[in-house]
Amino acid sequence: MTHRPALATLALVLCLSNGLTNAQTPAPCELPADFEPARLYGLWQLTLWPETGSPERPSSTGAVLFERHPEYAGGVRGRLKRSGPGNDREAVVSGDVADGEFNLDESANGVDLDAVWTGVPQACGNEFQGTRRPAEGRPSDEPTLQFLLKKGSGWN
């Protein structure tokens with residue numbers, strides 16, 4: 001009969017240690033090929049840097065606010081505001097995540113396409129990293145930039 005308390009104690013220790021091991025290992029996240037648009041809603045921090053640079057030395061920073069797209073149920077529309085050489089820049093943006101790729105169109109006037117963004121989700125969909133390129137027909141002095149979008153806290 002003295003073995004039962006020892007066995008119960010051992011079982012409890014094993015259960016607790018197994019629970020601690022599982023708690024210390026974060027569960028891997030699976031990113032869907034197509035994101036529900038609502039996963040993109042909210043405020044995102046933006047960092048842009050030259051192709052040969054790094055995010056630690058950005059050429060521009062800002063924010064993007066994504067909301068439901070009024071005409072396309074599978075996408076988002078929003079406003080972008082970022083620093084630029086000599087002034088701030090604002091634009092309307094529209095996009096989605098399809099087939100595992102983040103796509104975004106940027107327009108300063110809401111009509112003409114100024115830039116296209118392509119990237120991939122990271123950090124369980126709370127970050128996107130990729131390239132912002134001038135749209136076809138735009139001035140060639142507009143550089144291609146790398147971008148990182150990080151979802152703001154409180155919007156998960």
Side-chain angles (χ1 to χ4, degrees), residues 17-156:
S17 66
N18 186 33
L20 290 174
T21 302
N22 289 340
Q24 293 171 354
T25 306
C29 62
E30 293 184 30
L31 296 174
D34 297 326
F35 272 50
E36 291 293 322
R39 287 197 61 189
L40 299 174
Y41 297 168
L43 187 63
W44 295 74
Q45 296 173 325
L46 170 64
T47 304
L48 293 158
W49 65 93
E51 287 184 292
T52 58
S54 73
E56 289 77 28
R57 300 189 68 190
S59 59
S60 181
T61 58
V64 179
L65 178 62
F66 288 122
E67 299 174 313
R68 183 180 64 80
H69 195 291
E71 298 149 5
Y72 175 57
V76 294
R77 181 174 284 169
R79 300 281 310 165
L80 171 144
K81 186 169 185 174
R82 68 179 179 95
S83 62
N87 64 349
D88 286 345
R89 295 183 179 196
E90 291 189 40
V92 174
V93 290
S94 298
D96 61 15
V97 176
D99 299 324
E101 183 175 81
F102 176 73
N103 297 289
L104 193 65
D105 294 335
E106 176 185 335
S107 173
N109 63 12
V111 177
D112 301 311
L113 190 59
D114 293 310
V116 292
W117 304 48
T118 56
V120 292
Q122 299 178 337
C124 297
N126 291 314
E127 294 182 5
F128 290 92
Q129 187 166 352
T131 304
R132 178 197 178 272
R133 289 180 169 63
E136 283 188 38
R138 298 309 299 165
S140 60
D141 64 338
E142 181 77 20
T144 296
L145 299 169
Q146 299 298 305
F147 74 84
L148 177 63
L149 281 169
K150 289 185 175 185
K151 194 160 199 182
S153 62
W155 289 94
N156 294 331

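All heavy atoms count here, side chains included; hydrogens, waters and symmetry mates do not.
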**Student:** According to the interplanar angle, ranging from 0 to 90°, do the rings of Phe66 and Phe102 count as parallel (below 30°), tilted (30 to 60°) or perpendicular (above 60°)?
**Tutor:**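 If you compare the ring of Phe66 with that of Phe102, the planes turn out perpendicular.
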**Student:** Taking all non-hydrogen atoms of both residues, which atom of Arg138 and which atom of Pro134 are closest, and how far apart?
**Tutor:**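 For Arg138 and Pro134, the tightest heavy-atom pair comes out as CB-CB, 4.2 Å.
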**Student:** My understanding is that only residues two or more places apart in sequence, or in another chain, count here; which of them pass side-chain contact (heavy atoms from CB on, under 4.5 Å) with Glu67?
**Tutor:**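 With neighbours one apart ignored, the set is Leu65.
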**Student:** Calculate, to the nearest 0.5 Å, the distance between atoms OG1 and CG belonging to Thr144 and Leu48 respectively.
**Tutor:**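 The CG atom of Leu48 is 11.5 Å from OG1 of Thr144, to the nearest 0.5 Å.
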**Student:** For the pair Ser60 (side chain) and Ser83 (backbone), establish whether a donor and an acceptor sit closer than 3.5 Å, ignoring hydrogens and angles.
**Tutor:**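 Pair found, side chain donor or acceptor close to backbone of Ser83.
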**Student:** Look up atom OG1 in Thr61 and atom CG in Leu46, then write down how far apart they are to the nearest 0.5 Å.
**Tutor:**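 Spacing of OG1 (Thr61) from CG (Leu46) equals 7.5 Å.
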**Student:** Given 3.5 Å as the limit, does a donor-acceptor pair link the side chain of Asn109 with the main chain of Val111, or not?
**Tutor:**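 It does hold such a pair.
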**Student:** Begin with the C-alpha distance, continue with both residues' side-chain angles, and end with the deciding distance and a verdict on ring pair (Phe, Tyr, Trp, His ring centres under 6.0 Å) for Phe128 and Trp117.
**Tutor:** CA-CA 10 Å; Phe128 290 92; Trp117 304 48; over 10 Å; no
**Student:** Lys150 side chain to Thr47 main-chain N or O, any donor-acceptor pair under 3.5 Å?
**Tutor:**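 No; judged by distance alone, with no hydrogens or angles, the pair does not exist.
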**Student:** Any salt bridge between Glu51 and Arg133, counting N to O under 4.0 Å?
**Tutor:**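 Salt bridge absent between Glu51 and Arg133.
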**Student:** Look up atom CG in Asn126 and atom CZ in Arg39, then write down how far apart they are to the nearest 0.5 Å.
**Tutor:**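 The CZ atom of Arg39 is 7.0 Å from CG of Asn126, to the nearest 0.5 Å.
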**Student:** Search all heavy atoms of Pro37 against all heavy atoms of Ala73 and return the closest pair with its distance.
**Tutor:**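 Reported closest heavy-atom pair: CG-O, 3.3 Å.
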**Student:** Test side chain to side chain contact (heavy atoms under 4.5 Å, CB included) on Thr131 and Gln146 and set out the steps.
**Tutor:** CA-CA 4 Å; Thr131 304; Gln146 299 298 305; 3.4 Å; yes
**Student:** Mind checking whether Leu104 and Ser94 have side chains closer than 4.5 Å, heavy atoms only?
**Tutor:**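 No, every pair of side-chain atoms sits at 4.5 Å or beyond.
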**Student:** Hey, what do you get for CZ (Arg82) to CG (Leu145), rounding to the nearest 0.5 Å?
**Tutor:**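 Output value for this atom pair is 6.5 Å.
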**Student:** Does Arg57 reach the side chain of Trp49, with side-chain heavy atoms less than 4.5 Å apart?
**Tutor:**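 A side-chain contact is absent here, since even the closest heavy-atom pair is not under 4.5 Å.
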**Student:** Distance check, rounded to the nearest 0.5 Å: Arg79 atom CZ versus Leu43 atom CG?
**Tutor:**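 Nearest 0.5 Å value for the CZ-CG distance: 14.0 Å.
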**Student:** Minimum heavy-atom separation for Phe147 and Thr118, please, with both atom names.
**Tutor:**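 That closest heavy-atom pairing would be CE2-O, 3.5 Å.
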**Student:** Answer yes or no: is there a side-chain heavy-atom contact under 4.5 Å between Leu149 and Glu127?
**Tutor:**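 No - every pair of side-chain heavy atoms lies 4.5 Å or more apart.
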**Student:** Enter the distance from Arg68:CZ to Arg77:CZ here, rounded to the nearest 0.5 Å.
**Tutor:**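 So the CZ of Arg68 and the CZ of Arg77 are separated by 10.5 Å.
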